[in-house]
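Per chain, numbering begins at 1; letters A, B, ... match sequence-line order. The model shown is predicted, which means the values in this text are computed figures rather than measured ones.
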Amino acid sequence: MKYNFTEIEKKWQKYWEENETFRTPDFDKLDKSKPKYYVLDMFPYPSGDGLHVGHPEGYTATDIIARYKRMRGFNVMHPMGWDAFGLQTEQYAIKTGIHPKIRTIECINRFRDQLKSIGFSYDWKREISTADESYFKWTQWIFLKIYNSFYDKTDNKAKDINELKIPEGLSAKEKFDFLNSYRIAYLAEVPVNWCPELGTVLSNEEVPEQLEKGFTVVRRKMKQWNMRITEYADRLLNDLNELDWPKNVKEIQRNWIGRSEGATIKFKIINPETKSEFEIEVYTTRPDTIFGVTYLILSPEHKFVNDITVGSEKNKIDEYIRSAERKSDLERTELSKNKTGEFTGAFALHPLTDEKIPVLISDYVLASYGTGAIMGVPGHDERDNEFAQKYSLSIIPVVFPENISDEEKKLFLENTKIGKECYTGEGISINSGFLDGLKSGEAINKIIEWLETNKKGMRSVNFKLRDWLFSRQRFWGEPFPIIHFEDGTFEDIDVSELPLTLPDVGSYKPSGTGESPLAIIDDWVNTVEKDSGRSARRETNTMPQWAGSCWYFLRYLDPENTKVFCDREIEKFWMPVNLYIGGQEHAVLHLIYARFWYKVLFDLGYVNYKEPISKLFNQGMILGEDGVKMSKSRGNVINPEDVISKFGADAMRLFEMFMGPLEASKPWSTKGIEGLNRFLNRVWRVIIDENSDGLKNNITDSEPELKLKKLLHKTIKKVTEDIEDGDMKFNTAISYLMIFVNELYKSEEISKNVIRDFILLLSPFAPHITEEIWQKLGNNESIQFAKWPAYDKELTKEESVTIIFQVNGKLRSKADLPFGSEEKILEDEALDNENVKKYILGKQIIKIISVKNKMVNIVVK
RNA sequence: GCCCGGGUGGCGGAACUGGUAGACGCGCAGGACUUAAAAUCCUGUUGUCUGUAAAGGCAGUAUCGGUUCGAUUCCGAUCCCGGGCACCA
């Protein structure tokens, strides 16, 4: 029979399912003497469109690793699940009225069938879905753990809120507020990113993506749940160093965390009318330029703005604040070229010179970074420079570049004063009192020392990272296990009440008031406190989609546990994840949130390691055949179901790996996959007699001929190394398998053992056809349980190598010589070579360079 | 603007620590089989020049320059493409 991939693939998928071939035993039945390997895929969001050809790319890579590791005797954890809460399903519900729960199940079923049709070796007994009550019970449970924790800055870790020392003599309300100001998950009225089109708020990390889609995002003050991820900024930054992650992902995270060192400096401000004094702190990375400060700027949202503004300026200032509020973030940055601001009428005292400097407000100063106020150093900061020139504020040069002549220095200082020059680099201090003549680095240390002894400021560190906005005004997400009382206080519900499930509703539309659709379900919203019977309202926000994906890799390990989200001992055995493959788009979203949650759980003693993911790998995108991103509107989308029915799952797996390195973006090619289907046909025909369905006659129990044996061992070596080295370059491994098959076609008689080993090598890449041939080779058990072939190092060596002969670095000839021939022999051979002789005839030999097993280069004049 | 990647045949891509550039696949060309086609098998395939051929010359890894006996690989400058950040003081 001809190679019938459809039949073979169905047969083996059924076999694997019935025999639970890929089941990872429960922990108590696991042979713990074997090493573990946890290979994880970023689980998909089961959308209505079904699987995309991009999905199987990363999944095939992890599947190859999983199958390989099993054959190498590892306990392998290779699970799959669903990131099932999310906006797309909710919007489908708004449109159709179909409950998201029903829609989600439909989509999941479709996705699962599709994944099974590609032959992935998942342990489906561990399947999880974030929207399942049995799963999100634990998402809510973890939320409560985070809610009931505070960050102890001395021990640098999260602790149970009960360990927090509460000051004596506080009223009940004060105590409540005090605790709240420490909780790692906290409710606060903060300026948030509101997206009117989506009817929900967004986290900082989510904003760029929505803007790209053309949605608007405006700043709005709202009472929202937040997580104090900022407390973990240092640890999230430092622990990156020990991770085997792509360089650029680490870089993106470092940028996002955005650590900077500098100083906070206190300025005294006096309202000339009321004579009241305020102390305002500014943050700067260049405290050495303090003598160049000619004004202060507060962000329009700064808490002192009202108090320091004098009567005559009030209207202007109020108007400015209102206009700043109206601007979206986008506008505030887009208008950056044209800075605006207003004078408050107040003056600050320079902490060193006691000079009076004006205090202004401007929306180029961000309220949410540093102290929300800056010192203006127009001589050495481009933004300040632009602002100063527009509002005619004076400029003092206080740093000049090193290694310039006196002449240049004079010109430099003049130009700086008039705003023509704005040097932002490091250099030598000038016009700076006791800092004069010092290099910037030294000046920074000296001024900080001075500020600290004079109590006018201190060394400080700042981060760009903001607290994580954790609530959304949606229906299809985890409800918060929190209830609110009439007096404005709130508390967590009892753990025994988890999971807190979603009600059935008539409409999934956002309420339009900035509240989620849950807010209008009175039955659900109105509740009572369990113990006291006091009436209460449920929190109506839901958690963001990231919540479920923050910890799903833990639930796979112990999916049935009803006592805890994952047993600590089981966690200890399997974690951290050895290999995690997914797209780069999650660099600062999922991957920073998941690290954060894991660290909190670590601090609280529920998990055993500092970091959850040891090695991360980003697969590239598969583009359409036209070389651009696949999209419905372009009509260049390739559907995996069609590919499988035309060419088979094995061919698709093989082709996706053969296209190029996993991390690269590469275009799909129908011709290309035909080639891989052709390859599998060649494999089939060289082994199987299509008339008898048995092995071909020329496959015998004979000793393999040396040449083929050597090629086999070289192939084993290459394939093993390509899988093992972590670069995910399976394209070269496959090309070696092709070379091997090409060689088989040239052989008269083939040893069965050679075929056996070759089939083992091919099996992680193309599992169905290899199971079939494995069976025809006389094996009764799945090929997955066979041992990965070993290679004999001696057999991988060539007995002869091609030595190249060069004259003056140009290739002139070559010769096959025995492997390991001494340099002297190589030289003699080269000098004796006809073509080489032509080029050295009559010339003087200056030098001969020879490298063993490589080349000889004769330098002549 | 700043910070990371990356530019190799007609195409996807190979090339160890500086040592034969273009593995493997696609496409293309020629041949075999066939009444024919498809499928399959075999051969060739960077460009260019000399040669009937065998063989050989020259150029060639974005561009220019450098280091070196020797550079796709190391260094410097420039151009282009992709990604990230973008008033973070």
Side-chain angles (χ1 to χ4, degrees), chain A residues 2 208 246-256 258-260 262 282-287 289 297 332-337 339 362-366 368-377 380-384 386-387 424 462-466 584-585 587-588 618 620-621 627 654-655 658-661 663-676 678-679 681-682 685 721 729 731-742 745-746 801-814 835 838 846-860:
Chain A
K2 286 197 165 172
K247 248 172 65 189
N248 61 327
V249 174
K250 289 203 206 182
E251 203 52 42
I252 291 169
Q253 291 213 352
R254 283 195 191 105
N255 268 328
W256 191 263
R259 185 181 196 273
S260 79
V282 300
Y283 173 73
T284 176
T285 55
R286 292 295 299 274
T289 61
I297 307 185
R332 253 166 105 152
T333 44
E334 260 185 357
L335 297 169
S336 67
K337 281 167 206 112
K339 293 191 174 26
S362 170
D363 65 3
Y364 86 84
V365 176
L366 302 176
S368 50
Y369 182 77
T371 58
I374 61 155
M375 59 185 210
V377 186
H380 304 285
D381 181 287
E382 275 169 22
R383 297 155 300 184
D384 296 346
E386 194 192 317
F387 190 77
T424 59
N462 253 296
F463 294 93
K464 285 206 279 191
L465 184 72
R466 307 290 147 80
Q584 211 202 301
E585 65 274 18
V588 287
N618 293 130
M621 222 189 315
L654 225 31
F655 176 59
F658 185 69
M659 290 163 78
E663 74 274 17
S665 290
K666 53 239 148 178
W668 183 262
S669 157
T670 301
K671 286 287 180 194
I673 191 165
E674 278 174 19
L676 273 296
R678 199 171 300 152
F679 167 68
N681 266 297
R682 278 167 70 79
R685 282 196 314 268
E721 285 173 356
K729 289 193 174 176
N731 52 336
T732 51
I734 294 167
S735 82
Y736 266 71
L737 293 169
M738 288 172 168
I739 293 170
F740 187 78
V741 171
N742 290 344
Y745 270 82
K746 291 176 189 147
V801 278
T802 307
I803 304 296
I804 58 162
F805 298 147
Q806 299 177 341
V807 177
N808 285 346
K810 280 197 190 260
L811 176 72
R812 293 305 175 193
S813 189
K814 39 192 156 184
N835 207 41
K838 263 184 4 202
I846 296 176
K847 170 151 94 162
I848 302 179
I849 296 130
S850 40
V851 179
K852 218 173 179 177
N853 296 328
K854 290 262 160 69
M855 47 74 66
V856 177
N857 186 14
I858 301 164
V859 187
V860 297

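- Taking the C1' atoms as reference points, B/U20 lies 40 Å from B/A38, given to the whole Å.
- Counting distance only, with no hydrogens placed and no angle test, the side-chain atoms of A/Lys671 and the base atoms of B/C11 include no donor-acceptor pair under 3.5 Å.
- Separating the C1' atom of B/G18 from that of B/C4 is a span of 25 Å, rounded to the nearest Å.
- Paired runs in RNA chain B that reach 3 or more consecutive Watson-Crick or G-U pairs, where each pair keeps both distances under 3.5 Å, cover B:1-7 with B:79-85, B:10-12 with B:24-26, B:27-32 with B:40-45, B:46-50 with B:55-59, B:62-66 with B:74-78.
- Nucleic acid contact class of A/Ser368 (heavy atoms, under 4.0 Å, all strands): none.
- Using a 4.0 Å cut-off, no side-chain N or O of A/Arg812 falls inside it from OP1 or OP2 of B/A55.
- Annotation: A/Tyr736, atom OH; neighbour count of heavy atoms from other residues, nucleotides and ligands within 6.0 Å does not exceed 12.
- Looking at heavy-atom distances under 4.0 Å, A/Gly675 makes contact with sugar-phosphate atoms alone, never a base.
- Distance from the side chain of A/Tyr364 is smallest for B/C87 among the nucleotides B/A59, B/U20, B/C87.
- Separating the P atom of B/G60 from that of B/G76 is a span of 23 Å, rounded to the nearest Å.
- Shown here, B/G47 is classed anti by the O4'-C1'-N9-C4 or O4'-C1'-N1-C2 angle, which is more than 90° from 0.
- The phosphate of B/C87 (OP1 or OP2) has no side-chain N or O of A/Lys339 nearer than 4.0 angstrom.
- Nearest-nucleotide mapping onto RNA chain B: of A/Ile739 and A/Leu465, the residue sitting toward the 5' end is A/Ile739.
- Here A/Thr732 does not reach the OP1 or OP2 of B/A23: none of its side-chain N or O atoms lies under 4.0 Å away.
- Distances shown here put a side-chain N or O of A/Arg685 below 4.0 Å from the OP1 or OP2 atom of B/C41.
- The C1' atoms of B/G31 and B/A15 are separated by 32 Å, rounded to the nearest whole Å.
- With B/G5, B/C24, B/G57 as the choices, the nucleotide that has an atom nearest any side-chain atom of A/Asn835 turns out to be B/G57.
- Atom CD of A/Glu382 has 12 or fewer heavy atoms from other residues, nucleotides or ligands within 6.0 Å.
- The base of B/G83 is not paired with the side chain of A/Gln584 by any donor and acceptor separated by under 3.5 Å.
- Taking atom NE2 on A/His380 and atom P on B/A89, their separation rounds to 17 Å, with Å as the unit.
- Taking atom C1' in both B/U50 and B/G66, one finds a spacing of 35 Å when rounded to whole Å.
- Checking B/U40, B/G84, B/G12 against the side-chain heavy atoms of A/Arg678 singles out B/U40 as nearest.
- Residue contacts for A/Met855: at a heavy-atom cut-off of 4.0 Å it reaches a base atom on one of the strands shown.
- Nucleotides B/C87 and B/G6 are separated by 28 Å at their P atoms, to the nearest Å.
- Between B/G70 and B/G19, the two C1' atoms lie 7 Å apart (nearest whole Å).
- Both A/Asn462 and A/Ile252 lie near RNA chain B, and the one whose nearest nucleotide falls closer to the 5' end is A/Ile252.
- For the pair A/Asn255 CG and B/C4 C1', the interatomic distance rounds to 9 Å; values are reported in whole Å.
- Residue A/Asn618 places none of its side-chain N or O atoms closer than 4.0 Å to OP1 or OP2 of B/G83.
- Residue A/Asn742 places no side-chain N or O under 4.0 Å from the OP1 or OP2 atom of B/C24.
- At distances below 3.5 Å, not a single donor-acceptor pair connects side-chain atoms of A/Asp381 with backbone N or O atoms of A/Gly376.
- The phosphate of B/C24 (OP1 or OP2) has no side-chain N or O of A/Tyr736 nearer than 4.0 angstrom.
- Taking the side chain as every heavy atom from C-beta outward, A/Tyr364 and A/Ile297 approach each other to under 4.5 Å.
- Of all nucleotides listed (B/U20, B/C58, B/G13), B/U20 comes nearest to the side chain of A/Thr802.
- Between the base of B/C4 and the side chain of A/Asn248 there is no donor-acceptor pair shorter than 3.5 Å.
- Between A/Lys847 and the phosphate of B/U68, there is no side-chain N or O to OP1/OP2 separation shorter than 4.0 Å.
- Rounded to a whole angstrom, the distance from the P atom of B/C16 to that of B/A62 is 16 Å.
- Across B/U20, B/C69, B/C4, the shortest atom-to-atom separation from the side chain of A/Leu811 is found for B/U20.
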